[in-house]
Enquirer: 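Sharing a structure, written as structure tokens. Questions coming.
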2 protein chains.
Amino acid sequence: MEEYNFRNKYLFMENIDDTDRLILRALQADGSASLESISAGASISVNTCWRRVKRLEEAGIVSKRVALIDPEKVGLAQTVFVAIRTRDHSAAWLQRFSAAVSAVPEVIEFYRMAGDVDYLLKIQVGSVADYDRVYKALIARVDLADVSATFAMECLKNTTELPL
Amino acid sequence: MEEYNFRNKYLFMENIDDTDRLILRALQADGSASLESISAGASISVNTCWRRVKRLEEAGIVSKRVALIDPEKVGLAQTVFVAIRTRDHSAAWLQRFSAAVSAVPEVIEFYRMAGDVDYLLKIQVGSVADYDRVYKALIARVDLADVSATFAMECLKNTTELPL
DNA sequence: TGTGAAACACATATCTA
DNA sequence: TAGATATGTGTTTCACA
């Protein structure tokens with residue numbers, strides 16, 4: 001099973017050539033770029049480019065197109081990282097925990113971690129007081145053993161572009 | 001100065017009404033949505049909707065439009081959080097440090113933190129071995145006091161949608 | 001792959017309430 | 001300030017060679 005997944009992964013990889021990589025880079029940098037400009041950058045015809053973009057979308061390699069909003073401009077400039085330690089819990093509890101945390105819109109990212117910390121959340125709010133409100137909502141939904149928040153003072157880089 | 005910025009921020013906020021919020025939510029969820037569908041969702045005419053979207057873009061509230069790529073499908077499924085502690089350093093050193101780290105494409109996010117940890121990086125790579133390569137590149141560029149990496153085992157949520 | 005035509009969406013002007 | 005209408009332009013989509 002494990003091995004099968006790996007094969008699968010590498011099959012996916014084989015299906016992406018250098019031209020696809022150029023297309024993906026262009027789309028990551030600017031989702032509103034026209035097929036004409038993308039095709040010129042990849043040195044292919046508009047039509048071929050369209051077919052490739054469609055394939056990349058249908059394969060889920062391009063998962064979605066979105067507009068990014070400046071957090072500062074809408075008063076949500078405070079990023080908070082929350083490390084959570086849990087006691088041993090049942091699979092059912094973990095399921096409930098995961099669903100409850102994911103449902104909170106202020107939770108932008110949510111990972112199960114290796115090592116000391118069990119879960120890591122990235123939360124986006126307007127202020128420290130605002131975080132406290134989210135924190136209270138979280139602990140009301142699930143009982144947590146150990147929660148520790150660290151606040152970002154300054155965002156030096158934040159991109160959605162993967163290093164292709 | 002501090003107060004002036006706050007005023008500025010709230011002026012921005014006042015310029016976003018409930019209709020804008022509906023538009024922003026729609027664009028965050030699907031950047032390829034047509035003006036027609038967005039205008040219908042916000043109960044305004046296509047024309048007015050176009051004017052509002054343009055205003056939101058020109059004001060930088062919509063900062064950019066991008067295509068999101070599935071990290072798994074391109075073999076970049078390993079997320080690593082790197083906590084960095086620095087000794088006291090000069091402003092010039094911090095400047096150099098920030099520029100060097102930001103220039104690494106695998107560094108997706110980069111924050112200056114409050115509290116115990118000075119800086120936090122989110123790195124996106126293909127494997128733990130791949131991370132080691134990035135780590136070596138980092139320490140070759142700048143001398144760091146204390147670097148500790150934690151690896152994500154599973155991504156439970158990862159969205160670019162801000163809670164508007 | 002490439003060509004080209006039809007369908008669609010966008011951008012803008014003008015006028016009305 | 002928002003909506004209706006009209007229209008030129010650009011882009012996407014697809015059938016066919």
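Everything numeric here is computed off the predicted structure, so don't read it as measured data. Per chain, numbering begins at 1; letters A, B, ... match sequence-line order.
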Enquirer: Does a donor on one side chain and an acceptor on the other come within less than 3.5 Å for B:Ser45 and B:Asn47?
Expert: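 No, B:Asn47 and B:Ser45 have no side-chain donor paired with an acceptor closer than 3.5 Å.
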Enquirer: So, does B:Arg52 get its side chain near the phosphate of D:dA2, meaning an N or O under 4.0 Å from OP1 or OP2?
Expert: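 Yes.
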Enquirer: Before accepting this row, confirm whether a basic side-chain N of the pair A:Arg21/A:Asp17 lies closer than 4.0 Å to the acidic partner's carboxylate O.
Expert: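 Salt bridge absent between A:Arg21 and A:Asp17.
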Enquirer: Does A:Glu36 CD have over 12 foreign heavy atoms under 6.0 Å away?
Expert: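 No, not enclosed.
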Enquirer: Measure the shortest side-chain to side-chain distance between B:Glu154 and B:Leu156 over non-hydrogen atoms and say whether it is less than 4.5 angstrom.
Expert: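 Answer yes - side chains close enough.
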Enquirer: Quick one: is C:dC10 close enough that its OP1 or OP2 comes under 4.0 Å of any side-chain N or O from B:Trp50?
Expert: no
Enquirer: Starting from A:Val53, can I reach B:Val74 by hopping between I/L/V/M/F/W/Y residues whose side chains sit under 4.5 Å apart?
Expert: yes
Enquirer: Residues of residues 33-48 of chain A with any non-hydrogen atom less than 4.0 angstrom from an atom of DNA chain D: list those, numerically ordered, please.
Expert: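 Nucleic-acid contacts, sorted: A:Ser34, A:Leu35, A:Glu36, A:Asn47.
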Enquirer: Between B:Tyr131 and B:Phe151, is the ring centroid distance below 6.0 Å?
Expert: yes
Enquirer: Between B:Lys54 and C:dT12, is there a contact of a side-chain N or O with OP1 or OP2 at under 4.0 Å?
Expert: yes
Enquirer: Write down the distance between CZ (B:Arg51) and C1' (D:dT1), rounded to a whole number of angstrom.
Expert: 8 Å
